[in-house]
Colleague: 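I have a structure I would like to understand better, so I am pasting it below and will then ask my questions one at a time.
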Amino acid sequence: MKALKASLLDPKSAVFDEILPSGRGFTHELSPGQIFRIVDLEGNQAVDTLFSNARNLEQRYSPTDTLRAPKNLYLPTGTRLVSSEGRSMLEIVADTCGRHDTIGGACSAESNQVRYALDKKFMHNCRDSFLLALSRYGRGMSKRDLSSNINFFMNVPVTPKGALSFADGVSGPGRYVEMRAEMDVLVLISNCPQLNNPCNAYNPTPIRLLVWQG
């Protein structure tokens, strides 16, 4: 069920404001109380996202612990994003889309090859974008730090038999999701470059990222 809620925050008062092109990776550290917004500028753009405790990188976002409390496969307003140690990392405080997936995972060279065709292996993918962004961030992070991610704005219906499908998105231009950090958080994003399924409407587009002080 959708739980839509608009934000009262003015982009003009943001302390950070950046446009991230499609296919690019991104890292940023949030302090407790800061508000982080992801904007789907043109609509139907999947934003693959990972969160880690910036002071203890081995503590990461856990979909299992996050989904256990609300008993909801998706992430509506009010959802607390919980870490692998059971701590609240962020809370979704505003959302104008209403559909965010956390079980479909991120695309990779291997999944592109298996799902679509042998010659798709070398296409740009989120796993590679994550790793490139981590290499630029430093602190010795690598593929072992990639855990299960959130796909903001991505529509992954679950059938009555438990199967997943990658369906047309329900997001639109200018829709956003906003989170309040509840610890020091490292944000890792791949603005998904996928061209082989409808998660990006077969047309990856830029997103806007903003941060406000609490």
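Treat the numbers as computed from the prediction; the structure is a model and nothing was measured. Computed from heavy atoms alone, side chains included, the values below leave out hydrogens, waters and symmetry copies.
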Colleague: Linking I/L/V/M/F/W/Y whenever any side-chain heavy atoms sit under 4.5 Å apart, do M89 and V187 land together?
Modeller: yes
Colleague: Does the gap between the ring centers of F153 and H100 come in under 6.0 Å?
Modeller: yes
Colleague: So, for D101 and G105, which heavy atoms are closest and what is the spacing to 0.1 Å?
Modeller: OD2-N, 4.2 Å
Colleague: State, to 0.1 Å, how close A6 and A94 come at their nearest heavy-atom pair, and which atoms those are.
Modeller: C-CB, 4.2 Å
Colleague: Check for a donor-acceptor pair, side chain of T66 on one end and backbone N or O of P63 on the other, with a separation under 3.5 Å.
Modeller: no
Colleague: In Å, rounded to the nearest 0.5 Å, how long is the span from OG1 of T77 to CD of E91?
Modeller: 9.5 Å
Colleague: Quick check: does any side chain N or O of D145 sit under 3.5 Å from a backbone N or O of S142, one acting as donor and the other as acceptor?
Modeller: yes
Colleague: Please walk me through it: do R37 and S7 pass side chain to side chain contact (heavy atoms under 4.5 Å, CB included)?
Modeller: CA-CA 10 Å; R37 180 187 294 180; S7 172; 3.2 Å; yes
Colleague: Run the salt bridge (Lys or Arg N to Asp or Glu O under 4.0 Å) test on R208 and D17 for me, step by step, so that the C-alpha distance in whole Å, both residues' side-chain angles and the decisive distance to 0.1 Å come before the verdict.
Modeller: CA-CA 7 Å; R208 185 180 182 186; D17 188 347; 2.6 Å; yes
Colleague: Is a donor from one side chain sitting under 3.5 angstrom from an acceptor on the other, for N149 and T49?
Modeller: no
Colleague: Test question: given the 4.5 Å side-chain rule for I, L, V, M, F, W and Y, name all other residues clustered with L188, or answer none.
Modeller: L50, L57, F130, L131, L134, Y137, M141, L146, L186
Colleague: Could you see if V15 belongs to whatever hydrophobic cluster contains F36? Use Ile, Leu, Val, Met, Phe, Trp, Tyr and a side-chain cutoff under 4.5 Å.
Modeller: yes
Colleague: Keeping the roles fixed (side chain from T205, backbone from Q45), state whether a donor-acceptor pair exists under 3.5 Å.
Modeller: no
Colleague: Consider only side-chain heavy atoms of I, L, V, M, F, W and Y, link residues closer than 4.5 Å, and tell whether F152 and L73 are in one cluster.
Modeller: yes
Colleague: How far apart are the closest heavy atoms of L41 and P206, and which atoms are they?
Modeller: CB-O, 3.6 Å
Colleague: Output yes when a side-chain donor or acceptor of D40 lies under 3.5 Å from a complementary backbone atom of N44, and no otherwise.
Modeller: yes
Colleague: Below 4.5 Å, heavy atoms only, C-beta onward: do N56 and E85 meet side chain to side chain?
Modeller: yes
Colleague: How long is the straight-line distance from CD1 of I35 back to CZ of F16, given to the nearest 0.5 Å?
Modeller: 15.5 Å
Colleague: Without hydrogens or angle criteria, can the side chains of N191 and R24 be said to hold a donor-acceptor pair below 3.5 Å?
Modeller: no
Colleague: Please round to the nearest 0.5 Å and tell me the distance separating atom OG1 of T96 and atom CG of L4.
Modeller: 7.0 Å
Colleague: If we ignore hydrogens and angles and just use 3.5 Å, is the side chain of N151 paired with the main-chain N or O of M154 as donor and acceptor?
Modeller: no
Colleague: Between R80 and E182 (salt bridge meaning N to carboxylate O under 4.0 Å), is one present in this structure?
Modeller: yes
Colleague: Identify whether the distance between the nearest side-chain nitrogen and carboxylate oxygen of R139 and E29 falls below 4.0 Å.
Modeller: yes
Colleague: May I have the step-by-step check of side chain to side chain contact (heavy atoms under 4.5 Å, CB included) for Y61 and S83, ending in yes or no?
Modeller: CA-CA 4 Å; Y61 167 74; S83 77; over 6 Å; no
Colleague: Evaluate the salt bridge (Lys or Arg N to Asp or Glu O under 4.0 Å) criterion for residues E58 and R60: first the C-alpha distance (whole Å), next the side-chain angles of each, then the deciding distance (0.1 Å), finally the verdict.
Modeller: CA-CA 6 Å; E58 293 185 357; R60 308 178 184 97; over 6 Å; no
Colleague: In Å and rounded to the nearest 0.5 Å, what is the OG to CE distance from S31 to M183?
Modeller: 13.0 Å
Colleague: From L81 CG over to R87 CZ, what is the distance, rounded to the nearest 0.5 angstrom?
Modeller: 14.0 Å
Colleague: Does some side-chain heavy atom of I103 sit less than 4.5 Å from a side-chain heavy atom of Y74?
Modeller: no
Colleague: Set out, in order, the CA-CA distance, both residues' side-chain angles and the distance that settles side chain to side chain contact (heavy atoms under 4.5 Å, CB included) for D48 and C192, then state yes or no.
Modeller: CA-CA 6 Å; D48 292 46; C192 185; 3.6 Å; yes
Colleague: V39 and V47: same hydrophobic cluster, using ILVMFWY side-chain contacts below 4.5 Å?
Modeller: no
Colleague: Please report the interatomic distance CD1(I19) to CD1(I207), rounded to the nearest 0.5 Å.
Modeller: 9.0 Å
Colleague: Does R175 use its side chain to pair, donor to acceptor, with the backbone of E42 at less than 3.5 Å?
Modeller: no
Colleague: Should I150 and Y176 be counted in the same cluster of Ile, Leu, Val, Met, Phe, Trp and Tyr side chains packed under 4.5 Å apart?
Modeller: no
Colleague: Under a 3.5 Å distance rule, please check whether D184 uses its side chain to pair with a backbone N or O of A54 as donor and acceptor.
Modeller: no
Colleague: Should D95 and L75 count as side-chain neighbours, where that means a heavy-atom distance under 4.5 Å?
Modeller: no
Colleague: Measure from the side-chain N and O atoms of W212 to the backbone N and O of D10, and report whether any donor-acceptor pair falls under 3.5 Å.
Modeller: yes
